[in-house]
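Have a look at the structure below before the remarks.
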Amino acid sequence: MQGGKRASRKLVHDVSKPPGSVPQESECYEGESLVRLLKLIQREIVSARSLHGDSLPEKLWFKQQFSIGVNEVTRVLERMAPRANMGISPQQPHILCGNSKVPSVQLRVILLAADCNPRWLIKHLPGLALSRNVPVIFVKDKKGGSLRLGELVKLKTAIAVGIKAKGNIINQLMDKILHGDEIDLLKLSETPGAPRQ
């Protein structure tokens, strides 16, 4: 690299890493990669919303698709079964024996503002997400990561946004990101007027 500029780095915590390996904030989506990521997610949100024909008010629709805020994301994660009890992906139906309750909401991925202040607000989330087998994507934008996540869900700020496992096009995009299909994502972001299937 020239001129002392840092290349933007990203971290999508890989759930296949050894147990106990908590995702770190030292690497995250920032700069151009953050802009591209948020544009892609925003485009999929608009597409998913238009598929439902605007039958629900926007606020209710967002509540069905996302867990917004540290408290709500924490609540959903705590209600999910721990990884040792699961052994399955969040999008597969759960079949449990006995009196075990199946959580009605599963998170597919968590978007987390790595630059929030104070940091202790999110300190528990990476470990909790790891124990529930939910990947974490850190975002950072010159102390404005929460502002950028807020724009995504039509709020002023959002420190944490959990994307619920609904099997929709938003989940399909997150699967591509988690599996490292970066080339396909670049093509998607370069063709905003391309027809969708």
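In this chain, numbering begins with 1 at the start of the sequence shown. Just so we're clear, the structure is a prediction, and the values are computed from it rather than from any experiment.
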- Query: So, for Phe62 and Val153, which heavy atoms are closest and what is the spacing to 0.1 Å?
  - Reply: CE2-CA, 3.8 Å

- Short side-chain to backbone donor-acceptor contact, Asn168 and Ala48, under 3.5 Å: no

- Query: With distance as the sole test, does Arg119 use its side chain to make a donor-acceptor pair with the main-chain N or O of Ala114 at under 3.5 Å?
  - Reply: yes

- Message: So, taking the atom named CE in Met80 and the one named CG in Leu128, what distance separates them when rounded to the nearest 0.5 Å?
- Response: 9.0 Å

- Query: Is Thr74 reaching over with its side chain to a backbone N or O of Val70, donor-acceptor style, under 3.5 angstrom?
  - Reply: yes

- dist Leu111:CG -> Phe66:CZ (nearest 0.5 Å) comes out at 8.5 Å

- Query: Would Tyr29 end up clustered with Leu178 when hydrophobic side chains under 4.5 Å apart are linked, directly or stepwise?
  - Reply: yes

- Taking side chain as C-beta onward, heavy atoms only, is Ile137 less than 4.5 Å from Met174? yes

- Query: Looking at side-chain heavy atoms only, is the closest gap between Leu149 and Ile159 below 4.5 Å?
  - Reply: no

- Item | Close side-chain approach of Ile163 to Gln65, heavy-atom, < 4.5 Å | no

- Message: Please say yes or no: joined through hydrophobic side-chain contacts below 4.5 Å, possibly via intermediate residues, are Trp120 and Val136 part of one cluster?
- Response: yes

- Item | Where Gly145 and Val139 come nearest, the two heavy atoms and their spacing | O-CG2, 4.2 Å

- Item | Interatomic distance, Leu130 atom CG to Arg132 atom CZ [nearest 0.5 angstrom] | 10.5 Å

- Query: Do Lys140 and Leu34 touch side chain to side chain, with heavy atoms closer than 4.5 Å?
  - Reply: no

- Note on the structure: Heavy-atom nearest pair, Ala160 first then Leu112, reads CB-CD1, 3.7 Å

- Query: Would you call Glu151 and Arg148 a salt bridge, taking side-chain N to carboxylate O under 4.0 Å as the test?
  - Reply: yes

- Closest contact, heavy atoms only, Gly144 versus Asp115: N-OD2, 3.2 Å

- Any Ser67 side-chain heavy atom under 4.5 Å of Leu107 side chain: yes

- Message: In this structure, would Ile41 and Val35 fall into the same cluster of hydrophobic residues linked by side-chain contacts under 4.5 Å?
- Response: no

- Item | Close side-chain approach of Leu77 and Leu125, heavy atoms under 4.5 Å | yes

- Item | Ser146 versus Ala113, closest heavy-atom pair with distance | N-CB, 3.6 Å

- Going by heavy atoms in the side chains, are Lys63 and Glu72 under 4.5 Å from each other? yes

- Item | Qualifying residue for side-chain contact (heavy atoms from CB on, under 4.5 Å) with Ile45, from Leu173, Ile169, Ile170, Leu40 | Ile170

- Are side-chain heavy atoms of Gln106 and Val76 found at a separation under 4.5 Å? no

- Query: Between Gln42 and Leu152, what is the shortest heavy-atom contact and its length?
  - Reply: OE1-O, 3.5 Å

